[in-house]
Amino acid sequence: MNWFSLTFAQPFLLWGLIALPVIWWLLRLTPPRPQTETFPPLKILARVVRREETPHKSPWWLTLLRLLLAALVILALADPVLNPREKAAGEGTALAIVLDNGWAAAPDWEERVATAARLIEDARANEQPVVLALTAEEQNQEIGPFDADTALERLNAAQPRPVPANRPAIFGRVAGVLSDFPGAAIAVLSDGLAMSGDEAAFAELFSGGPAEVLWAEPERLSLLAATDAQNMAEAFEVTATRAASDTGPRQAVAFASDDRGRRIAETTITFGAGETRATGAMRLPFELRNDFVSVGIEGQNQAAGLRVLDENSKRRRIGLISQSEADQAQPLLSPLYYIERALAPFADLMQPSSAELTEALPELLEQNPAVIVMADVGTLPAAPRQALIDWVNGGGTLVRFAGPRLAAADNDEDLLPVRLRLGERSLGGALSWTEPQPVAEFPPNGPFSDLAPPRDVTVNRQVLAEPSPDIVERSWANLADGTPLVTGVSRGEGQIVLFHVTPEATWSNLPISGSFVEMLRRIVQLSRNQGALNNAGAEGGRALAPYRLISAEGRLVPPSGEAEPLTADTNTVTLKHPPGLYGSEEGVVAHNLLAPDAELIPITRPEASAPISAISYGLDEQQPLKGPLFATALALLALDTLAVLWLGGRLRRKPQLAKGAATLLAMALTLATMSPDAARAQDERTGEADAIEAISQTRIAYVITGLSSLDATSRAGLQGLSTFLAAKTALEPGAPAGVDIATDELSFYPLIYWPIDPDAPMPSEEAIARIDAYMQSGGTVLFDTRDQYSSGFGSDAVTPATQRLRDILSGLNVPPLEPVPDDHVLTKSFFILPEFPGRYRGSPLWVEASLGSSTRTDRPVRVGDGVTPIMITGNDLAGAWALDASGEPLLPTVPNDPLQRLYAYRAGVNIMMYMLTGNYKSDQVHVPVLLERLGQ
């Protein structure tokens, strides 16, 4: 944007500047009226011949002033505009705006809304109906056609979504509506990312033959997405992906957070030139990595910049198989006894219902274990053997223990890390030791390299590995004589590990040592989880409720009313199943936005039969200069008038006239220095030009937060409540007033509605002090956190909105609070209400508590004869009250119940009646006592 660009809407009027020399000539011929002097009626002076003096020409400075005045008028009539924006072409019977509001649109959402608003204003000027469709909303959304005012209301209420855009479904609906408007103009405001099915979707959208196509996309795709997170043996690895068009070297900071949102680790991810995928490693102890709940990329305020983690990044599922018959009869001699005791503290163990390998192995593999432990299993049947090989190659870890069966079986090179000698080595045998062998130092190439060798462990019997060139690198633990005790090898993406002794204490006392536990733990850490069980951890098909969801801005937030439970067959991210964690505090399943192999592909501009014009995203920075020029011309006219009066001598003879001229000049200068935008903003905040008009009608105020969509919803909500009040009560409120708590007068309004949003700027101390003074002087502030899924204000479960509210209340003199009791006046000030729902229900309405009420049983009067200075709810009252231009609800209730909206309106009526009348209904209980005192 050129900050100094200037254009004229009526440039032909600039030809009037040629007339300035003529005007100069005329001004020189018409000098100001000469000054008149009155002399005393003395005789001697009466005989003096009176001579009239006429100036020859106007003073040069007065002529220059008038020339400047004429030039300003000519320039103002030419309608100059500073920093003019590009305008959409005026062709078409209608204007269709298709706006991507998926996750990729969140970082620069305000610019996208501003661009769409400019297009709607152009459609208003061209008297075109507007079709407005959002590609990440439900397919049955209302898309118009609308008039410009309704389209702007719906646009301001729109928000980015943490889901991908669904262009095929939405474009089809737009094409259906445009069939009634042949030759319409279409504006495509894309997020810059290509989606599957784009080619067919655009072909359907342009099938009606548009008059023109306006195309907008980001100038540069700077998005980064966290596409994968793996808890590896030595570090936690985070993989980030960027768009193919972002080709230069780049660095980003990835961080990990715990369940309280605290950042506990971070790393740097470095992209080389041309690389679209890079990985960073957080090298931390295994126990600390188990505390990770989410990983994200710093500065990426969108849903793909955050990735949630579940139990797959922590504990592993391990399957156990044994063919020993001593499992039940003698537990201490069972091959699985010590394995279970070693793994149970940090893994989920599973055993098949049958010992038959043809049934046991498929049963375990269906549950996607990370590790399978086989205790003395010899030859495997062909079918389960091949399935086990495929599982290992796909990332599974197979841990085998020796025993008589394995020693007698043939070598299975696909399921063993080394080739074994037939038979076994033991004391007194052909391959015998003269004494039991201790464990040597662990090799530096294995996972046990940093462990101290167990000095008290000895081996009496083992299976031997055949010597081979790679036996050294495959040996993870050795005996003192150099023979391998534990060997391992990678196969595909998985690995195979063999303990050359039995898992019970018959060939060695290793299973009863502490080193055995640590060795198994290290092997489990090397393993990879194979995916969540049935994608939801749902046993018996049980669905998991939303627990914590990822917002469009990339934050973990409480679940919304739109989210539905996650079932085992749900694999895609939609509005009903947004990304986040599903389950409960006992266990959750991660449902992430992007798959590990996802790519960010830039969108390709489609082909269309009509001309395609490119427009840019950006805030509207154009400023009309017509008003300031006219105001300056008015100021110069006042100066000219003052100068003429002074030259004529009237100011010196009539001081009152001089004072009036000075006042006129001051007003003109004020108008000249005040821009139209500043005047318009002041009018929106106060609603009236002076205090008299401000108090002529009862008006409900709302706090201007600076978030356009939130402020639009607040205004629409209070307007809807005012309409309901006028229909149901004798009160006819005026239009809602948006107030800036830092500058506007607050005492004009009995109630101020304040929606809390953590993205809104924190009010200054001075602004909070003004709110405190307002509450102390009798006003009431209704705080609405709009997060009813939290446990309530004052609970330990603090949402971002509740935390922001607590920060605000920390600067106020807040009285003790309590939920509205059953006998409170609010429950009966107009309607009889047991609760106060809004767009949501379930959050209590907090009011000032009655002092000493806990000690009284007959407490009909609450808080004296006044009203509570503060109310707090999380039910989003304005969202339930909000109506569009046609009188239809702007936002759905959760759940979608028409009666809930009716009760929300009634709650608003009760609140207003309570604010305006106080506790008069509670005072009725005192009538008998008052009559008795009066003797009646």
Side-chain angles (χ1 to χ4, degrees), residues 698-705 710-711 713-722 724-725 731 733 736-739 741 744 746-757 760 763 767-768 770-788 792-794 801-802 804-806 808-809 812-815 817-820 824-827 829-831 833 835-841 843-849 862-863 866-882 903-918:
T698 299
R699 304 172 69 197
I700 313 173
Y702 64 93
V703 173
I704 297 176
T705 63
L710 182 57
D711 293 341
T713 301
S714 297
R715 183 173 185 83
L718 295 187
Q719 183 61 57
L721 176 60
S722 298
F724 191 83
L725 282 165
L731 176 64
V739 296
I741 59 174
D744 291 342
L746 307 180
S747 60
F748 297 150
Y749 313 104
L751 176 69
I752 297 178
Y753 176 77
W754 190 340
I756 302 299
D757 194 294
I768 293 179
R770 297 181 84 247
I771 283 290
D772 189 62
Y774 166 79
M775 294 168 57
Q776 297 300 323
S777 62
T780 295
V781 180
L782 173 55
F783 294 97
D784 195 340
T785 59
R786 304 172 299 123
D787 58 352
Q788 91 294 355
F793 178 77
T802 299
R804 172 55 60 85
L805 175 60
R806 291 186 177 183
I808 294 172
L809 296 185
L812 299 175
N813 293 307
V814 179
L817 302 178
E818 67 176 351
V820 173
H824 199 283
V825 176
L826 270 170
T827 64
S829 59
F830 196 88
F831 295 102
L833 292 178
E835 59 177 341
F836 297 84
R839 188 180 173 210
Y840 313 117
R841 68 190 315 159
S843 175
L845 178 64
W846 294 79
V847 296
E848 181 180 2
R862 316 292 300 184
V863 208
V867 295
T868 176
I870 183 173
M871 299 182 188
I872 301 175
T873 184
N875 286 334
D876 191 7
L877 294 175
W881 299 335
Y903 293 148
Y905 278 120
R906 292 182 176 181
V909 171
N910 275 28
I911 291 174
M912 282 304 298
M913 293 298 103
Y914 171 65
M915 293 308 307
L916 298 175
T917 61

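This chain uses plain numbering: 1 for the first residue, then up along the sequence.
- Closest of all the heavy-atom pairs between Arg839 and Ala880 is N-CB, 3.3 Å.
- For the side-chain hydrogen bond (donor to acceptor under 3.5 Å, both in side chains) test, no residue two or more places apart in sequence or in another chain qualifies with Thr827.
- Side-chain atoms of Thr785 do not come within 3.5 Å of backbone N or O of Ile756 as any donor-acceptor pair.
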Problem set entry | Step-by-step side chain to side chain contact (heavy atoms under 4.5 Å, CB included) determination, Ile808 to Trp754 | CA-CA 11 Å; Ile808 294 172; Trp754 190 340; 3.8 Å; yes

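- Annotation: side chain of Ile872 is in contact with side chain of Leu809 (closest heavy-atom distance under 4.5 Å).
- Once rounded to the nearest 0.5 Å, the distance linking CG of Leu731 with CG of Leu916 reads 6.0 Å.
- In this structure, CZ on Arg715 lies 14.0 Å from CG on Leu710, to the nearest 0.5 angstrom.
- Note that CD1 of Ile911 and CD1 of Ile700 are 9.5 Å apart. Values are rounded to the nearest 0.5 Å.
- Taking all atoms of both residues into account, the shortest heavy-atom contact from Gly874 to Ser843 is N-OG, 3.1 Å.
- Atom CZ of Arg906 sits about 14.5 Å away from atom CE of Met913, to the nearest 0.5 Å.
- Side-chain contact check for Met775 versus Asn813: every heavy-atom pair is 4.5 Å or farther apart.
- Heavy atoms only, all atoms of each residue included: Tyr749 and Ala701 are closest at CG-CB, 3.6 Å.
- In this structure, the side chain of Asp784 engages the main chain of Leu877 through a donor-acceptor pair within 3.5 Å.
- With sequence neighbours excluded, the residues that form a salt bridge (charged side-chain N to carboxylate O under 4.0 Å, His left out) with Arg786 are Asp757.
- Using the six-membered ring where Trp is involved, Trp881 and Tyr753 have ring planes that are tilted, between 30° and 60° apart.
- Shown here for Thr705 and Pro755, the closest heavy-atom pair between the two residues is CG2-O, 3.8 Å.
- The one candidate from Phe724, Phe836, Phe831, Phe830 that meets the ring-ring contact (aromatic ring centres under 6.0 Å, His included) condition with Tyr905 is Phe724.
- At a threshold of 4.5 Å between non-hydrogen side-chain atoms, the residues Glu848 and Pro869 count as touching.
- Arg841 places no side-chain N or O within 3.5 Å of a backbone atom of Ala904 that could act as its donor or acceptor partner.
- Remark: the backbone N or O of Ile704 is not paired with any side-chain donor or acceptor of Asp711 at under 3.5 angstrom.
- With Tyr702 contributing its side chain and Thr713 its backbone, the two residues share no donor-acceptor pair below 3.5 Å.
- A distance of 5.5 Å separates CE of Met915 from CG of Leu751, quoted to the nearest 0.5 Å.
- Taking CD from Gln776 and CG from Leu812, the interatomic distance works out to 9.0 Å, rounded to the nearest 0.5 Å.
- Between Leu782 and Leu845, some side-chain heavy-atom pair lies under the 4.5 Å cut-off.
- When atom types are taken as modelled, the side chain of Asn910 and the backbone of Leu826 share a donor-acceptor pair closer than 3.5 angstrom.
- Considering every non-hydrogen atom in both Gly738 and Asp744, the closest pair reads O-OD2, 4.0 Å.
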